Protein chains: 2
Amino acid sequence: MADEVADEVQPKRRQARGERRMAQILDASAVVIARTGYERATTIAIATEAGISPGSLYQFFRNKKAIAEALADRFVTELGAAHRSAFDSTDFAAIPLDEVLDRIVDPIVAFNIANPGFKALFARPDMPEGLTDAARPIQAALLDRIEAMIAVRAPELPEAERHRTARVGINLFQALIPLVVATEEAERPLMVAELKKALRGYLGPVIG
Amino acid sequence: MADEVADEVQPKRRQARGERRMAQILDASAVVIARTGYERATTIAIATEAGISPGSLYQFFRNKKAIAEALADRFVTELGAAHRSAFDSTDFAAIPLDEVLDRIVDPIVAFNIANPGFKALFARPDMPEGLTDAARPIQAALLDRIEAMIAVRAPELPEAERHRTARVGINLFQALIPLVVATEEAERPLMVAELKKALRGYLGPVIG
DNA sequence: GAGTAACGCGACTGATTATTCGCAAACGAT
DNA sequence: ATCGTTTGCGAATAATCAGTCGCGTTACTC
């Protein structure tokens, strides 16, 4: 149970081939982790999926946890971009609620559909200590953005209530995402519509 | 990956002492699984928590998976009771929506608070094949009950839409449950209120 | 084109953990 | 009290899997 401290550092010189291998390994681990979860994702399965030998994994990553962390970093970066595209350069005071929801929901739904490994990595509890931490900053940032959006549209709402509303709203959103992703493509727009209905129903009385 | 078929049967004669031990073991496994998840719940940890030796576990359960299955059965039984107490002997056509929500939400929330191991067992992906299956019948039953409730209050709603509304409503509920459970006791009523707000917001336009 | 470092392999090692085994103690019926 | 069964133990066993090692290959650098 005793966890090591100070694991980072040591950039190490790489060839272009190596960079490609690392990306390949991350792709493979996303697939395997999405399929089985972290605990059951064996290093051999990841290596096989990547088409390399198990020993080669350790040429690029210190251990299994480091692979998951690198994958998490990659997701966090991409999700951050999705968030920015959802929130930046939008004046949330000036548009109707339905459009607010469209602007926020659509890009994040798109991200989740495009990255099925994402949920597996962050939403599942069978991971090494500190891996969920990687997602914390971006979750916090999302919470801040939602709170700011609420504050703009309902300035008189007490802070505690605003905070709680944002938290519940995010949870609600995250809860329905799996349902949307699991729905076959043809039905998906209907599910997205339901998701927005749920958000509108909850947020409408406050920031409608 | 090859799974055994036909595992059940073989009731075996037991002393009263043995029955008590089995209950003890299930209690212990609920605690350990709630704490660590199924994969990380070692048989030694379960035995220690139960105050017995690892060998003794196998006097009562064929293997680790059988323990989880027995625990799942127990939860399913208790949850079924919670559902019945929520749905039976209530005329959903005759009462306002807020009361409908109270009647349904409160007992299920209470069950989840009283059984922290429940979520760990069913919501986590690190479980033996077929364990999630144990929960399927009861989920299906819940879906039916919710659909019936909606049908009573909104008879003109097309079936497909009724079905989708029920599914989304259940997901929404299940999503916010962890938030309620994780909230410290003093704040909990506020979170339950938020949960009901979310449900009212989503269901209100349909069955309000 | 020689030297050096990165890359690649797959068998091996060490630790962990589910399960078994042999034996002893406690029960329950007669 | 006595016999057969259930219960109880904890050391031994066997499987799995993360991570290592030694050695060969490939790619840059000069």
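Worth saying up front: this structure is predicted, and the values here are computed from it rather than measured. Each chain gets a letter, A, B and so on, in the order the sequences are listed, and its residues count up from 1.
- Judged by distance alone, the side chains of Arg136(A) and Gln139(A) never bring a donor and an acceptor atom under 3.5 Å apart.
- Comparing atom distances between the Phe60(A) side chain and each of dG10(D), dC7(C), dC9(C) picks out dC7(C) as nearest.
- Remark: Lys64(B) qualifies as a cation-pi partner of Tyr38(B) under the 6.0 Å distance and 45° angle criteria applied to the six-membered ring.
- Residue-environment remark: CZ (Arg153(A)) exceeds the threshold of 12 foreign heavy atoms within 6.0 Å.
- Judged by distance alone, with hydrogens and angles left aside, Ser53(B) brings a side-chain donor or acceptor within reach of the base of dG10(D), the pair sitting under 3.5 Å.
- Distance, Ile25(A) CD1 to dC9(C) C1': 13 Å, rounded to whole Å.
- In terms of phosphate contacts, Ser56(B) brings no side-chain nitrogen or oxygen within less than 4.0 Å of OP1 or OP2 of dT7(D).
- Atoms OG1 and CZ, on Thr183(B) and Arg167(A) in that order, are 6.0 Å from each other to the nearest 0.5 Å.
- Residue Gln59(A) contributes atom CD, which lies 15 Å from atom P of dG19(D) at whole-angstrom precision.
- Checked options Val109(B), Asp98(B), Asp106(B); the residue passing with Lys196(B) is Asp106(B) (criterion: side chain to side chain contact (heavy atoms under 4.5 Å, CB included)).
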Ignoring hydrogens and angles, write down the donor-acceptor pairs under 3.5 Å from the side chains of residues 79-88 of chain B, residues two or more places apart or on other chains.
unit_1, atom_1, unit_2, atom_2, d
Ser85(B), OG, Ala82(B), O, 3.3
Asp88(B), OD1, Arg145(B), NH1, 3.3

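- Residue contacts for Ile52(B): at a heavy-atom cut-off of 4.0 Å it reaches the sugar-phosphate backbone alone, with no base atom in range.
- Summarising the geometry, the separation between CG on Leu57(A) and C1' on dA18(D) is reported as 10 Å, rounded to the nearest angstrom.
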Quick one: which protein N/O atoms are closer than 3.5 Å to N/O atoms of nucleotides 17-27 of chain C? Pair and distance per line, please.
unit_1, atom_1, unit_2, atom_2, d
dA18(C), OP1, Lys64(B), NZ, 3.2
dA18(C), OP2, Thr43(B), N, 2.7
dA18(C), OP2, Thr43(B), OG1, 2.8
dT19(C), OP2, Tyr58(B), OH, 3.0
dT19(C), OP2, Lys64(B), N, 2.7

